[in-house]
2 protein chains.
Amino acid sequence: MANRDPQQAFGEVVRQLRLKRGISQEALADEAGLHRTYISLLERGLRNPSLTVIQQLATALGVRPAQMIAEFDALCSKRAK
Amino acid sequence: MANRDPQQAFGEVVRQLRLKRGISQEALADEAGLHRTYISLLERGLRNPSLTVIQQLATALGVRPAQMIAEFDALCSKRAK
DNA sequence: CTGTGACTTACAGTCCGTG
DNA sequence: ACACGGACTGTAAGTCACA
């Protein structure tokens, strides 16, 4: 029942929200004030973002941090089964 | 309109949730698998927690990560004004 | 029980490239 | 536009002794 790869779940949330907005990783990185390659790592579940990065990401994606975490949470529970 | 000290806001959320459960920093640290002093730093807004720490904290506090972030978010907007 | 300063180690996050 | 690599800087993680 242990959660499987929480950061991978977070990466998927980022990717889905990004694609929903129809922008590139580079564009997102730019809006979030982060780096191109970092978004790539993040979406592939290879990085564990800090609170501030989560906030920046949420802002850049036009959603509330809580909304992002809620989706992330749903994904986590889904795979935890 | 820039957010003021997001991590301080997060610290307050942790503290309030902890006090609501009536447990000590040490007890929380123990349940979250973190260290006593780290909780202290966190509550005083001196640490910027990562996603995994947020998850551990939420679990230990008996709330969902999204709920924590929602309260954190509310606090942030309040002070951002 | 908690705050604090100092400290080491791990990894977040940037930047240079490549295919 | 993206994945992926190596190398680098900064900072979070985690622990300690002491007030």
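All chains are named by letter (A, B, ...) in the order of the sequence lines, taking the proteins before the strands, and each is independently numbered beginning at 1.
If you check every strand for non-hydrogen atoms under 4.0 Å, A:G33 touches sugar and phosphate atoms only. Contact annotation for A:L34: backbone-only contact, meaning every heavy-atom pair under 4.0 Å involves sugar-phosphate atoms and none involves a base. At the heavy-atom level, B:I39 lies nowhere under 4.0 Å from the strands shown.
Spacing between atom CG of B:L46 and atom P of C:dT4 amounts to 8 Å, rounded to whole angstrom units.
Residue pairs meeting the salt bridge (Lys or Arg N to Asp or Glu O under 4.0 Å) criterion with at least one partner in residues 44-70 of chain A, sequence neighbours excluded, are A:R64-B:D73. Among residues at least two apart or in separate chains, salt bridge (Lys or Arg N to Asp or Glu O under 4.0 Å) pairs with a member in residues 27-38 of chain B are B:R21-B:E31.
Residues meeting the side chain to side chain contact (heavy atoms under 4.5 Å, CB included) test with B:S24, sequence neighbours left out: B:E26, B:A27. Under the rule for a side-chain hydrogen bond (donor to acceptor under 3.5 Å, both in side chains), A:T59 has no partner lying at least two apart in sequence or in another chain. Under the side chain to side chain contact (heavy atoms under 4.5 Å, CB included) criterion, A:A58 pairs with A:V63, A:P65, A:M68, not counting sequence neighbours. Residues satisfying the side-chain hydrogen bond (donor to acceptor under 3.5 Å, both in side chains) test with B:T52, not counting sequence neighbours, are A:N48, B:S50. A:E71 pairs by the salt bridge (charged side-chain N to carboxylate O under 4.0 Å, His left out) definition with nothing, not counting sequence neighbours.
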Output the pairing pattern of DNA chain C as a dot-bracket string, 5' first, Watson-Crick or G-U wobble with both distances under 3.5 Å, | for cross-strand pairs, [ ] for crossing pairs.
.||||||||||||||||||

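A:R47 has no side-chain polar atom (N or O) that falls below the 4.0 Å cut-off from OP1 or OP2 of D:dA12. Regarding contacts with the backbone of C:dA12, every side-chain N or O of B:S50 stays at 4.0 angstrom or more from both OP1 and OP2.
Atom CG of A:L46 and atom CG of A:L41 lie 6.0 Å apart (nearest 0.5 Å). To the nearest 0.5 Å, atom CD1 of residue A:I39 and atom CG of residue A:L57 are 5.0 Å apart. Between the CG atom of A:L34 and the CG atom of A:L42 there is a distance of 8.0 Å, given to the nearest 0.5 Å. Atoms NE2 and OG, on B:H35 and B:S40 in that order, are 13.0 Å from each other to the nearest 0.5 Å. If you take CG on A:D5 and CG on A:L75, they are separated by 12.0 Å, rounding to the nearest 0.5 Å.
If you chain together ILVMFWY residues whose side-chain heavy atoms come under 4.5 Å of each other, A:L19 ends up in a group of its own.
Which of D:dC4, C:dT14, D:dA12 sits closest to the side chain of A:R44 comes down to D:dC4. Picking from C:dT2, D:dC2, D:dG14 the nucleotide with the shortest atom distance to the side chain of B:R18 gives C:dT2.
Listed by residue number, the members of residues 21-32 of chain A with any heavy atom below 4.0 angstrom from DNA chain C form an empty set. Of the residues in residues 65-72 of chain B, none has a non-hydrogen atom less than 4.0 angstrom from any atom of DNA chain C.
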Are there any protein N/O atoms within less than 3.5 Å of an N/O atom in nucleotides 16-19 of chain D, and if so, which ones and at what distance?
from, atom 1, to, atom 2, distance (Å)
D:dC16, N4, B:T37, OG1, 3.4

